[in-house]
Amino acid sequence: MSTVRRAAVVLAAVSALALTACGPTDDDAGGGAGGPSASPTKSATPSAPSASSKPSTTPEPAKPTKPTTPKPPKSSTDPDFDVFPCSTFDVKFTAALAEPTTSSYLLKITNKGTKACRVLGHPVVTFGSLDGQATERGTAPGIEDAIRLDPGESAYAGLMGGANDGKGKTVDSIEMTMNTESDLAQTPLKASTPGLYVSPDKNSVTAWMDNAEDALSL
């Protein structure tokens, strides 16, 4: 082989080796598992949350309300609002002669109970077996001003049969019930009044008073 031909062969071999060394490998072309990975992309800067994406505020729990204590019913300004009218079940009764010429008697009631009661109006007085009742004399205080009768205390009324005018009759006893301004059934209280003359036109009885003098002066 000539020298020129050998040089050409060597040159061709060197060229082939050079091309093989510079050409892409399978790993470079396919991006295999062993090849270098792509550079990581920079993460985007997080944007500020919009108004609608703000986290919702957790509502505060409702404060427990205090239980309402029922208020007691309002009482009247009258200190005696709960004091009931006196009846014959609450009192004892007496009658004493005060003035013979006019057949006047002092009537007295005394609270025999353990609670106060109110003395209302006039006593309701009947004369023995005679029909009708004593005529009311004078005006009585209203219920707001009625006498408060505490246990052991007394109230008084003046009963007058009237002067003997020849029209009346004599009785030896009277019966009394209390004005309660109700339909309460009462047992009449009886008192002895020997020789009491009762004029059909002039008999009368005062309202209850808190003293005997006033009861006999009307």
Side-chain angles (χ1 to χ4, degrees), residues 70-99 102-162 168-193 196-218:
K71 294 182 179 180
K74 294 181 179 179
S75 64
S76 167
T77 53
D78 181 359
D80 294 337
F81 77 99
D82 59 346
V83 178
F84 294 96
C86 300
S87 73
T88 56
F89 301 108
D90 304 310
V91 300
K92 58 183 180 180
F93 171 62
T94 60
L97 181 62
E99 174 53 57
T102 56
S103 295
S104 294
Y105 277 78
L106 177 65
L107 309 183
K108 177 183 178 182
I109 55 171
T110 303
N111 185 345
K112 65 179 183 180
T114 58
K115 295 181 179 181
C117 61
R118 289 185 190 226
V119 181
L120 304 183
H122 296 71
V124 179
V125 179
T126 57
F127 301 100
S129 61
L130 301 182
D131 294 333
Q133 63 189 51
T135 303
E136 293 181 354
R137 182 167 82 247
T139 58
I143 190 169
E144 297 84 2
D145 301 316
I147 299 170
R148 176 192 172 102
L149 208 63
D150 288 312
E153 292 185 341
S154 300
Y156 307 85
L159 174 67
M160 185 172 67
K169 294 183 179 181
T170 300
V171 297
D172 293 327
S173 66
I174 59 174
E175 290 186 343
M176 187 276 301
T177 54
M178 301 292 294
N179 179 0
T180 62
E181 294 191 355
S182 71
D183 57 359
L184 175 68
Q186 301 179 66
T187 300
L189 300 179
K190 191 173 183 178
S192 177
T193 56
L196 170 61
Y197 181 82
V198 182
S199 167
D201 301 324
K202 298 179 180 179
N203 74 79
S204 61
V205 66
T206 69
W208 292 110
M209 307 286 177
D210 58 7
N211 66 86
E213 184 178 356
D214 288 346
L216 293 174
S217 64
L218 290 179

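Start at 1 with the first residue, then count along the sequence.
- A distance-only check finds no donor-acceptor pair linking the side chain of His122 to the backbone of Ala140 [under 3.5 Å].
- Of all the heavy atoms in Pro123 and Leu107, the pair that sits closest is CG-CD1, 4.4 Å.
- Here the closest non-hydrogen pair linking Ala98 and Leu106 is CB-N, 4.3 Å.
- For Pro85 against Thr180, the heavy-atom pair with the smallest separation is CG-O, 3.8 Å.
- Few gaps surround CG on Asp201; more than 12 heavy atoms of other groups in view lie less than 6.0 Å from it.
- Taking CG of Leu196 as the reference point, atom OG1 of Thr170 lies at 7.5 Å (rounded to 0.5 Å).
- Separating the CD atom in Gln186 from the CE atom in Met176 is a distance of 8.0 Å, to the nearest 0.5 Å.
- Within the model, atoms OG of Ser103 and NZ of Lys202 stand 11.5 Å from one another, a figure rounded to the nearest 0.5 Å.
- With hydrogens and angles ignored, the 3.5 Å screen pairs a side-chain donor or acceptor of Asn211 with a backbone N or O of Asp214.
- Across all their heavy atoms, Asn111 and Ala116 have their closest contact at ND2-CA, 3.9 Å.
- In summary, the side chains of Thr135 and Ser204 do not present any donor paired with an acceptor at a separation below 3.5 Å, with no hydrogens or angles considered.
- Remark: Thr102 OG1 to Leu159 CG distance equals 10.0 Å, nearest 0.5 Å.
- For the atom pair CZ of Phe127 and CD of Gln133, the computed distance is 9.5 Å after rounding to the nearest 0.5 Å.
- The salt bridge (charged side-chain N to carboxylate O under 4.0 Å, His left out) pairs that include a residue from residues 178-192 number zero, where partners must be two or more places apart or lie in different chains.
- The main-chain N or O of Lys92 is never found under 3.5 Å from a side-chain atom of Thr110 such that the two would form a donor-acceptor pair.
- Closest approach of Ile174 and Ala95 over heavy atoms only: CD1-CB, 4.2 Å.
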*asked:* If you apply the rule side chain to side chain contact (heavy atoms under 4.5 Å, CB included), what do you find for Leu189 with Val91, and how did you get there?
replied: CA-CA 9 Å; Leu189 300 179; Val91 300; 3.9 Å; yes
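- Evaluated for a side-chain contact (heavy atoms from CB on, under 4.5 Å) with Arg118, the options Ile147, Ile143, Leu149 yield exactly one hit, Ile143.
- Between Glu136 atom CD and Thr206 atom OG1 the span is 10.5 Å, to the nearest 0.5 Å.
- For the pair Ile109 and Trp208, the minimum side-chain heavy-atom distance is below 4.5 Å.
- Across every non-hydrogen atom of Met178 and Ser87, the tightest pair is CG-C, 3.7 Å.
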